[in-house]
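Chain letters run A, B, ... following the sequence lines, proteins first and then strands; every chain starts at 1. Keep in mind that what you see is a predicted model, and the values were worked out from it rather than measured.
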Amino acid sequence: MSKSIRIWDLKGRILVIAEKPKAAKKIASALSPTHTMKRIGSITIYEVDSYSSSIIIASSVGHLYQLHTSLRGYPVYSYEWIPLHLADPSKKYIREYLEVLGKLCRGVDYYVNACDYDIEGSVIGYLIIKFNGDERKAFRARFSSLTIEELRKAFNNLTRLDYEMIEAGLCRHELDWIWGINVSRALMKAVEDAVGEKIILSAGRVQTPTLKYVVDKVIERNLFIPLPQYNINITVEKNGEKIRLEYTGNPVEKERDARNIVEKIRGYKYLIVSKVEKKHHILHPPPPFNLGDLQKEAARLYGFSPAETQSIAEQLYLDALISYPRTNSQKLPPTLDYRRILGNISSIKSYRNLVESLISETKGVLTPVEGEKEDPAHPAIYPTGVVPGRLTEKQWAIYDLIVKRFLAVFAPPAKIVHYVVKAATPSHEYVFETKGQVIEEYGWLKYYNFHNYHAGKIPVLKEGELLNIVKATVSESYTKPPKRLTKTDLLRWMESVEIGTEATRAQIIEKLFERKYLYQHRKSSGIDVSEIGFGVVEILEKFFPDLLSVELTRKFEKEMDNIRSGVKKRSEVLEEARRVLTELLGKFDRNRIEAGKQLALRLKIIQNTRKCRVSSCYREGVVNGLCSHHANAVKLVREYYSEWGRRKDITFNEYIDKLRKSKLTGKWVKEVIESELT
DNA sequence: GCAAGGTC
């Protein structure tokens, strides 16, 4: 049945189900400007009557059902959908929505699933109709934005229920559930069997690759050995003004080479300006915010965690100050009345001048820039124009970012000059330079004033000019370890490999902290991995390697596509997953006590009889009494000595002493220096 | 109790 149908052709009572209250309201407005509003308890529903039908628009609040099992132990493959408030007491507001929807479902002739048009929306509406109504009398409305035009089109082109999407969505839920629940239970049971303690551990398709990403970075840092390198610094003079130039060949690897270069330079009295280059760049405004971009900016400017920014944005949304924040889109709805919003914003004192300036600068022609990213259900984040009442300092900070970003998207580009001045020795053997950038026109930077561009000056130098050398020196520096990751780095990584969603990424990062796999490093904004964090990754690497890589997500996505295109059935995909898991869990069981002991060691519940010789280490000694990481550190310290020797005259003992005193040396390297090499 | 996903 590919034929579509108009909602107005249905006779009798029709229930339209939206994904959330705000969407229900927009749908009601699109169906009829004269719709009526009714309250049942604390819930609002809308009614639209025609001569032959009565349409009720009601809303869900996201998922109302959750997968659940009453069985203990693993492997467990039997589960059912139960109301969310029964599974999670913190969600008790769900109950009232479910009661209202249940009652409405039982009193109508037709159903329309008008949840967001994606696999989750298909599941949300389907389960409500399946458990409370009659899916044979159900239709689907398909729209990609909540504008009046799109909505009207969707309700004039209702199709049958989209079973391909529903099946794909149900399958995604079930796959995540059987992988997550079974492997989490296996980890917990292992510890319990080994040492009799109940500790909450978990693993999953999104959280585990994220943990593994941090673990790999921390291993790299902990094993880091800095290398010396040499910079040549030169100061020249012009009209009594001193200018510092950088050697274009910096850094130099060998100390002797650097000293030789400086000796030669000192033999010359002056440098010749060989090139003066000015490049004009146009810097276009950034696109309007999606949630990820907002989280990154709030972290960069105010140090807010992604979860905190999300929570504040949700509060602003519920106060109607901003549009829906859980969006990936960098595009504004073309039908939005930008002029009206700007007018309202200008009544806020701190924005009046900015808005006036924007209107005059653009001559009232408001064309927003947009980014590449899209979202099937929502546009980019924008201020609604509702004037805020009292806001906390943090709420104000987020609101201010959103308003200023919204202003900036209409503003003209900024103009920047990049300059490079090069000067060489008379032999042209050695070339030095000074670079910088200067703002010519502020453009959008005036509205979104959160960038460090300076209106500095360009040094006035001409090609062929001579510059007296006043100083030439060598300075020693060291290669730097990779930076500690922050929560924002994790969020950015999750976005880049496309795991998790706008709504869940920040929560999943927090979950890794709740499990105590990760913790905040004391003296920096960075993240460190705990012993149990390392331990869980090591055990999973051994028994459930699929869970550590983002490839599992890619595999799920392919299976969802197969289901949507009819190539595979949900039951086949689940059958395959059960087969794989049963085998892996079986192998795990045969090694469960040993795995449990390894985890218990890291939890410091038991002591290792064959502990690594490094006193602070809880891992097992496997190579000459050292754990694999510390053994690796010893090997690296020896290997790096030859590279240090090539760069600089130094004895082994002096080298070890340098590493011990340097802040750049990795933690495990320092530990083996203390216990093994002194 | 354990996942990941939606939204107040």
Side-chain angles (χ1 to χ4, degrees), chain A residues 17-24 42-44 59-76 79 81 84-85 87-98 115-116 118-128 168-192 198-211 291 310-311 313-315 317-320 324-327 376-378 494 499-512 514-515 536 544 547 552-553 556 560 577 581:
Chain A
I17 301 168
E19 186 156 318
K20 51 189 161 287
K22 288 241 156 84
S42 62
I43 289 169
T44 306
S59 134
S60 186
V61 265
H63 282 292
L64 297 185
Y65 295 91
Q66 185 182 285
L67 286 173
H68 175 265
T69 186
S70 46
L71 299 177
R72 298 182 161 275
Y74 70 91
V76 54
Y79 40 76
W81 290 96
L84 190 51
H85 63 275
D88 182 350
S90 74
K91 308 267 167 78
K92 65 172 194 277
Y93 62 90
I94 295 285
R95 184 176 157 179
E96 203 184 359
Y97 279 90
L98 209 44
C115 294
D116 295 348
D118 50 33
I119 64 173
E120 298 301 331
S122 292
V123 169
I124 291 168
Y126 169 73
L127 291 178
I128 292 166
L170 293 173
C171 193
R172 204 279 307 151
H173 279 267
E174 294 177 62
L175 282 174
D176 273 328
W177 192 92
I178 62 175
W179 272 95
I181 300 294
N182 279 299
V183 176
S184 298
R185 286 184 176 185
L187 292 173
M188 291 186 276
K189 179 92 161 90
V191 174
E192 197 185 344
K198 292 193 177 187
I199 307 284
I200 295 177
L201 298 171
S202 65
R205 172 178 58 84
V206 179
Q207 64 171 259
T208 304
T210 308
L211 174 62
L291 182 60
Q310 180 170 345
S311 151
E314 280 162 3
Q315 293 157 24
Y317 165 69
L318 293 176
D319 282 347
Y324 190 79
R326 290 182 288 252
T327 174
H378 310 281
M494 293 168 86
I499 60 172
T501 67
E502 293 303 311
T504 60
R505 282 177 197 129
Q507 292 171 17
I508 288 173
I509 293 168
E510 294 304 322
K511 190 165 282 184
L512 295 172
E514 268 169 51
R515 298 274 175 270
V536 163
F544 305 98
L547 260 187
L552 190 61
T553 297
F556 279 22
M560 300 309 105
L581 261 169

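- Residue-level contact check: A/L84 touches the bases, meaning some heavy atom is under 4.0 Å from a base atom.
- Going from atom CG of A/L84 over to atom CD1 of A/I94 covers 5.0 Å, rounded to the nearest 0.5 Å.
- Using a 4.0 Å heavy-atom criterion, one finds that A/Q507 contacts the bases of the nucleic acid, with or without backbone contacts as well.
- Heavy atoms of A/Q66 sit under 4.0 angstrom from at least one base atom.
- When each of A/E502, A/E19, A/E314 is paired with A/R326, the salt bridge (charged side-chain N to carboxylate O under 4.0 Å, His left out) condition holds for A/E314 and for no other.
- Within 4.0 Å (heavy atoms only), A/K91 reaches at least one base atom of the nucleic acid.
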Report, one line per pair, each donor and acceptor closer than 3.5 Å where one atom sits in a side chain of residues 64-71 of chain A; sequence neighbours left out.
from: A/Y65; atom 1: OH; to: A/N132; atom 2: ND2; distance (Å): 3.1
from: A/T69; atom 1: OG1; to: A/L71; atom 2: N; distance (Å): 3.1
from: A/T69; atom 1: OG1; to: A/S78; atom 2: O; distance (Å): 2.9

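- Using a 4.0 Å heavy-atom criterion, one finds that A/T504 contacts the bases of the nucleic acid, with or without backbone contacts as well.
- As judged by a 4.0 angstrom heavy-atom cut-off over every strand, A/I200 is placed among residues touching the sugar-phosphate backbone only.
- Read 5' to 3', the first and last nucleotides of DNA chain B with an atom closer than 4.0 Å to a heavy atom of chain A are B/dG1 to B/dC8.
- Within the 4.0 angstrom heavy-atom criterion, no nucleotide atom of any strand lies near A/N182.
- Within the 3.5 Å criterion, the main-chain N or O of A/A203 finds a donor-acceptor partner in the side chain of A/S184.
- Distance check, rounded to the nearest 0.5 Å: CG of A/L581 to CH2 of A/W179 gives 4.5 Å.
- Comparing A/L71 and A/T208 by the nucleotide of DNA chain B that holds the closest heavy atom to each, the one mapping nearer the 5' end is A/L71.
- Here A/L67 lies in heavy-atom contact (under 4.0 Å) with a base.
- Note on A/R515: only backbone sugar-phosphate atoms sit closer than 4.0 angstrom, heavy atoms only; bases stay farther off.
- Nearest-nucleotide mapping onto DNA chain B: of A/Y65 and A/G73, the residue sitting toward the 5' end is A/G73.
- Within the 4.0 angstrom heavy-atom criterion, only backbone atoms of the sugar-phosphate kind lie near A/G500; the bases stay farther away.
- At a threshold of 4.0 angstrom between heavy atoms, the contacts of A/Y79 with the nucleic acid are absent.
- When the side-chain contact (heavy atoms from CB on, under 4.5 Å) test is applied to A/K511, the partners found at least two apart in sequence or on another chain are A/Q207, A/R515.
- Contact annotation for A/Y324: backbone-only contact, meaning every heavy-atom pair under 4.0 Å involves sugar-phosphate atoms and none involves a base.
- If you check every strand for non-hydrogen atoms under 4.0 Å, A/V61 touches a base.
- Ring geometry for A/H378 versus A/Y324: interplanar angle under 30°, hence parallel rather than tilted (30 to 60°).
- Within the nucleic acid shown, A/R326 comes within 4.0 Å of at least one base atom, counting heavy atoms only.
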